[in-house]
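Notes follow once the structure below has been shown.
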There are 4 protein chains.
Amino acid sequence: MTDMSVNTLKAISTKELLINAAVRQFHHKGFQKTRISDIVGEAGVAQGTFYLYFKSKEEIFKNICTEHMNLFQKVFQETEILFGGKNIDEIRGNIHRFLKKLLAVYKENLHVSELLFREGVGHNDLFKEINEKFFMEFITLIREHMRRDIPSARFRLTDVETVSVFLFGVFERSAFYFMMIQKQFDTQRLAEQMAHFMLNGLQLNITK
Amino acid sequence: MTDMSVNTLKAISTKELLINAAVRQFHHKGFQKTRISDIVGEAGVAQGTFYLYFKSKEEIFKNICTEHMNLFQKVFQETEILFGGKNIDEIRGNIHRFLKKLLAVYKENLHVSELLFREGVGHNDLFKEINEKFFMEFITLIREHMRRDIPSARFRLTDVETVSVFLFGVFERSAFYFMMIQKQFDTQRLAEQMAHFMLNGLQLNITK
Amino acid sequence: MTDMSVNTLKAISTKELLINAAVRQFHHKGFQKTRISDIVGEAGVAQGTFYLYFKSKEEIFKNICTEHMNLFQKVFQETEILFGGKNIDEIRGNIHRFLKKLLAVYKENLHVSELLFREGVGHNDLFKEINEKFFMEFITLIREHMRRDIPSARFRLTDVETVSVFLFGVFERSAFYFMMIQKQFDTQRLAEQMAHFMLNGLQLNITK
Amino acid sequence: MTDMSVNTLKAISTKELLINAAVRQFHHKGFQKTRISDIVGEAGVAQGTFYLYFKSKEEIFKNICTEHMNLFQKVFQETEILFGGKNIDEIRGNIHRFLKKLLAVYKENLHVSELLFREGVGHNDLFKEINEKFFMEFITLIREHMRRDIPSARFRLTDVETVSVFLFGVFERSAFYFMMIQKQFDTQRLAEQMAHFMLNGLQLNITK
DNA sequence: GATGAATGAGGCTTCATTCAT
DNA sequence: TATGAATGAAGCCTCATTCAT
């Protein structure tokens, strides 16, 4: 009987094999130093097979990054209220919960996260595009949530545009620093401190 | 005697010629795509001459970056009081003044700044080293100033280590975003908003 | 039964599909640049199918060329008298008629003709073989007709061997030049001038 | 003493080394089958050296062909009177002398001549360009000489344009056939017969 | 110090051909 | 017969680095 298997044990396609191999190799050696031959070697297919699925090393990289960005987007989409709440504690709780989720995604896909932030933007059009897209999408998502959750009257001294960049900076550089450089940290505590800092920075702690 | 010298018009050394050419080329093409031949071509010297001064493309890059980092360090060193002051307004003024100087250095050396932040860290040992060094030095400098200027009692909920990363994130990502991606902004206003956000984030606005 | 058959609408065999596709592709891209994948793509069959009918790209090319040469041969065979006639005008008429037919075959199968003359002979054994074979057969046919139609006494100063090459040269280079390079010409007039030139060149215009 | 040598014993430049090697290899294997590595191997230089002088295999080929075409042009230029003369014998003598020179150039540079005519025009832009250029230049040179030497009244039944193509065909296909395919022939006799055929073909043998 | 021609390892990419289904 | 994914040999080209002058 050829029924491949009772349920969801799906055979891994060659394309998936290549993507998985590429993630591992990019993580191990970095994008620049990874040769196509490393990827196909890891995937266990022939050199030419790579070109059946991707035009170049750039393309498979883009593929991987785009997929990854979607994970972050999903966290934003699944979050009903981010910067709002009935009182300070609830607001802080919301921010905190959100940041924990974000950090978790970051951590669970550390390999790819690292790729996205470590691999330079350079002047390489590919990286420039990917990296700027990521940056833009991220702050746009933050901005939308801010507009939705915070009365605009709040923003007397600062504008939403700028502040969303600040928040992104706090999150992204911290994630990068603690996960990539320090390599040891307490997610729970980091999220707490971040929430605290953001709450104050945005002055959401002040009674109306 | 040719009149090329009367006073301080010192002849540019071949080494300087190469460094200037490298900065221009790295900025134009990015590190990866810049060939030694591009650098010597721009500098107007022969291919082999490069190797009289630098062991490799990596070395000249490192050279450029280190020089650049020193500029930032100097701003920190020249700053007496950063997070302190007799009252909120004075504190904010200090932070503001400091950030303006930092942004100015960033802007004046945009070419090299861009190199430092755009060129990926990759897994290339060189970039990893340079980039992490920059990161570490920057937050260390912030941390020292915080320890010097802020009573430790302030840090109940957050620790200085972490918060210094937050501040770095706010500054660095903003500078990157507004100067490299958006390419237009108001330094004065950006510094103000950043000072405001940091002040609140650190809760330095709360009376003891 | 599907109505695709009622009468003589015979289904095109896969082999024919491939040959037609190959002619189009060879004409479009030339032999060297045409890939097997182009041919099967044009024919609408799978990659592997090609090898059920032809051992290689060379083989299908040879196949096409041989077929084509037969068309020219037929013109020679169908010609009773080429270089003969009761008087000058009749001779010229015979040559003229013959050349018109030859040019017509050339023109009607321009795609393949072009292949035969454009595709280099190179040192590729395949082309060498095909091209030399074409050359040899052509001049042999001319020679036979000359021997049949012209009293050998005519050839005092020239030998049939050599003159047949001259005639081939006149025809073939003209056809190539006017059809492939200039791409516009008057068949009737070209045949006339060619007949005229050949007649004189061979001195068939001189009374015995 | 470094004076390289008393007189014209000039050192062969690397570029010349490559060209000579390329001619030999192209002749031996044909253009398509010759690899850059064959050329540099024959020349005794490194792979990369090739690219210091030529962008590609195509370029060196073009280089060789253009050089070769100039040799033919020179024969035309050095010929004062081609199709003219005081009487038939003188005309025939002029044509004969010219053809002998042309055949001699062809023969002396047999390797390159073969390249030009064997290597197909294909649909390769390079070959198309080179081959058509050669064709055009050749017939243009013939035409100019015809216009100069022959009273236009002669051309009642034929036009110079067309006839020049005929003459080219006679010469070129003969040279190709006897030198490349048959590989043995008598230059003197071939030139004689060709002169004879052309003279008659053009009807220059008819008293005005 | 300065030159720049020469080197040659290294990696990308193509594509004819095979073979299990 | 027909399929088309997979193969892998083959060759091009780049460019950091060397070295004789």
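Just so we're on the same page: letters track the sequence lines, and every chain starts at 1.
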Side-chain contact test, heavy atoms from C-beta onward, threshold under 4.5 Å: evaluate it for N70(A) versus E67(A) and give yes or no. yes
Can you find a side chain N or O atom of T14(D) that sits less than 4.0 Å from OP1 or OP2 on dA6(E)? yes
May I have the distance from Q32(A) (atom CD) to dC15(F) (atom C1'), rounded to whole angstrom? 15 Å
Does dA5(E) have OP1 or OP2 under 4.0 Å away from a side-chain N or O of Y53(D)? no
Report the distance from atom CG of L52(D) to atom C1' of dT17(F), rounded to the nearest whole Å. 14 Å
With a 4.5 Å cut-off on side-chain heavy atoms, are E59(C) and N63(C) touching? no
What integer distance in Å separates F50(D):CZ from dG11(F):P? 15 Å
In this structure, CD of E42(A) is separated from CG of D38(A) (nearest 0.5 Å) by 9.0 Å
Does the side chain of I19(D) come within less than 4.5 Å of Y53(D)'s, by heavy atoms? no
Hey, does F54(D) reach any base, or is it just sugar-phosphate, or nothing, if we go heavy atoms under 4.0 Å? nothing
Please state how far atom CZ in R35(C) lies from atom P in dT13(E), giving the value in whole angstrom units. 15 Å
5′-ward residue of the pair G48(C)/V45(B) relative to DNA chain E: V45(B)
Report the residue (S56(B) or A46(C)) whose heavy-atom-nearest nucleotide on DNA chain F is the more 5′ of the two. A46(C)
If dA20(F) has a Watson-Crick or G-U wobble mate with both distances under 3.5 Å, name it; if not, just say none. dT3(E)
Taking CD1 from I36(C) and P from dT14(E), how many angstroms apart are they, rounded to a whole number? 17 Å
Check the phosphate of dC15(E) against S37(C), side-chain N and O only, distance under 4.0 Å to OP1 or OP2. Yes or no? no
Watson-Crick or G-U counterpart of dC13(F), or none if no pair lies under 3.5 Å: dG10(E)
Non-hydrogen side-chain atoms of M180(D) and E132(C) separated by less than 4.5 Å: no
From CG of D38(B) over to P of dA16(F), roughly how many Å is that when rounded to an integer? 8 Å
Rounded to whole angstroms, how far apart are CD on Q47(D) and C1' on dC15(F)? 14 Å
Indicate whether OP1 or OP2 belonging to dT3(E) is found under 4.0 Å from a side-chain N or O atom of Y51(B). no
dG10(E) C1' sits how many Å from K57(A) NZ, rounded? 12 Å
